[in-house]
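I'd like to ask some things about the structure below.
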There are 2 protein chains.
Amino acid sequence: MTLTQVSSWQSFGGTLSVHDHESALQNCTMRFAVYTPPQADPETVPVLWYLSGLTCSWANVMEKSGLQRAASKHGIMIIAPDTSPRGEDVPDDEGYDLGQGAGFYLTATQEPWAKHYKMDQYITDELPKVIAEHFPAADMSRQGIFGHSMGGHGAITLHLKHPDVYKSCSAFSPITSPCQVPWGQKAFTAYLGDASVAWEQYDATELVKERQTKATILVDTGTADTFLERELKPEIFTEACRKHGQRLDYNMRDGYGHDYYFIATYMDEHIAHHARALEA
Amino acid sequence: MTLTQVSSWQSFGGTLSVHDHESALQNCTMRFAVYTPPQADPETVPVLWYLSGLTCSWANVMEKSGLQRAASKHGIMIIAPDTSPRGEDVPDDEGYDLGQGAGFYLTATQEPWAKHYKMDQYITDELPKVIAEHFPAADMSRQGIFGHSMGGHGAITLHLKHPDVYKSCSAFSPITSPCQVPWGQKAFTAYLGDASVAWEQYDATELVKERQTKATILVDTGTADTFLERELKPEIFTEACRKHGQRLDYNMRDGYGHDYYFIATYMDEHIAHHARALEA
């Protein structure tokens, strides 16, 4: 697969680079960013995937979270994919919470979305092959996953489905029961059709009833998060984890919001959580 | 003076807030941001001014530099003003390097700029009064100043002119001899008229020939900075400092650019430099 480098910067002794490639899976050009820590030459290093939230691209976390500091310290490669397929030929919606920028890390079955929207397969299958081919320092036997909001939910669901691939998992301010909240219901109806068993395979709360992992999932959410009561509803997921034996370290952080100032504040703890699990 | 709070976020245990106020000096509404560290309640804390570069507002440094971490650790209040007067009634230019977003921290004497463009007086006189009135934790007897590019130059010139006010000074990738480079020559011609003694009072290299301070000025610049040879020309200023006895710690950082990924990498060292001088 051909990779086009869009830009590159030095950061905390490592390199942040942005790349385009043609996604045969999603039928469009996809862009992603990689932070390669200084340890990557000559060592191999663990790979940590960061899935962003609604409206975001690779840039939000790389520009605003300060994660390069901790990734450099621990020697972890960070991959930041986009949040959906994009382009003039890719279907979109007027809402910020559907279509481009809002892929929800699932495989759409409904029109007009089905040709392009396959973000879960893109993250778990197509993009890892690109990384393995073009970033030889990436140790694909040591991968973790985390994210924010819609992407925090994506990280938890992909960890629950692929615990042998993503050995560590954490999330900031995640959606955790999309079947029961407006963001999830709107997206799932559009991408998957009316409510059905198809929804449950993309719902962290439903998934954790069926399968639990050996990992402890780390979550931080702010008490001043404006989406807390309507979209995030931590109590549904924490209760399901408790009842079904999934280890979970869910922290409510007093006074923090849904923003990257919050994420930056707790980024070190999340990277350290993954570093321990991935032996970085 | 009335202050309108535009937004507020919690960050590293402190508060980042953005405010508007009517500037009688510049005849427009001015916006600035303040990071108040957790120590500010109940202590008073030193105040560190960050002057941004061309095109920037308060947001660039607050969103991208990660400075809240170190400001929280050391207990320093950070003030991030805008880089010029702004608004529909404020004169502008098609170039990114003149007019709105490009105030150059000077008092314009030429038309159409003279009514609004007085950024040096705004930074040294009008805005400190606003801070002292509305942020009682600000210890105005302990102030430092730093910045990036055009703002790094602003920081050095204001430190050289007001060493008893700004007791510490540092800069990332600063312009240091504006009379001798295209950015400075374009801006000074527009704001101040043809080359004259008026230019020299805003030129760090000219100023340091006349006055030196007790402080050591800390500077970091990247060797891969695309503006290095054309606009920054470190050798002119370092030679003037050496010849005239101004203490200067000027570091060239291998492989880094003119961007906030570079600034973030060395931000801790700059905040620590100011913390030592300001006894934070």
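Numbered from 1 within each chain, the chains take letters A, B, ... in sequence-line order.
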Requested in this report: Quick one: which of B:G255, B:G66, B:G13 has the most heavy-atom pairs under 4.5 Å with chain A, could you say?
Outcome: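 Going by pairs under 4.5 Å, I would pick B:G255.
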
Query raised in the report: Got a second to check how far B:M267's CE is from A:R69's CZ, nearest 0.5 Å?
Result: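 B:M267 CE to A:R69 CZ: 10.5 Å, rounded to 0.5 Å.
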
Query raised in the report: Is it the case that more than 12 heavy atoms not belonging to A:E279 sit under 6.0 Å from its CD atom?
Result: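 Atom CD in A:E279 is not crowded, with 12 or fewer foreign heavy atoms closer than 6.0 Å.
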
Query raised in the report: Checking heavy atoms, do the side chain of A:D254, its backbone, both or neither come under 4.5 Å from chain B?
Result: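 Answer is backbone: N, CA, C or O of A:D254 sit under 4.5 Å from chain B.
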
**Report entry** Gap separating the CG atom of B:D259 from the OG atom of A:S7, nearest 0.5 angstrom
**Finding:**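 The CG atom of B:D259 sits 10.0 Å away from the OG atom of A:S7.
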
Requested in this report: Name the member of A:W9, A:Y266, A:F262 that forms the most heavy-atom pairs with chain B at distances under 4.5 Å.
Outcome: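 Highest number of pairs under 4.5 Å: A:W9.
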
Query - Under 4.5 Å from a heavy atom of chain B, the part of A:Y260 involved - result: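 Neither part; nothing is under 4.5 Å.
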
Report task. Supply the atom-to-atom distance B:R253 CZ to A:Q10 CD, rounded to the nearest 0.5 angstrom. Result ->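 Reported to 0.5 Å precision, the distance equals 11.5 Å.
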
Query raised in the report: Can you name the closest pair of heavy atoms from B:Q68 and A:Y261 and give their distance?
Result: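 That would be NE2-CE2, 3.8 Å.
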
Requested in this report: Please round to the nearest 0.5 Å and tell me the distance separating atom NZ of B:K64 and atom NZ of A:K64.
Outcome: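 Nearest 0.5 Å value for the NZ-NZ distance: 8.0 Å.
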
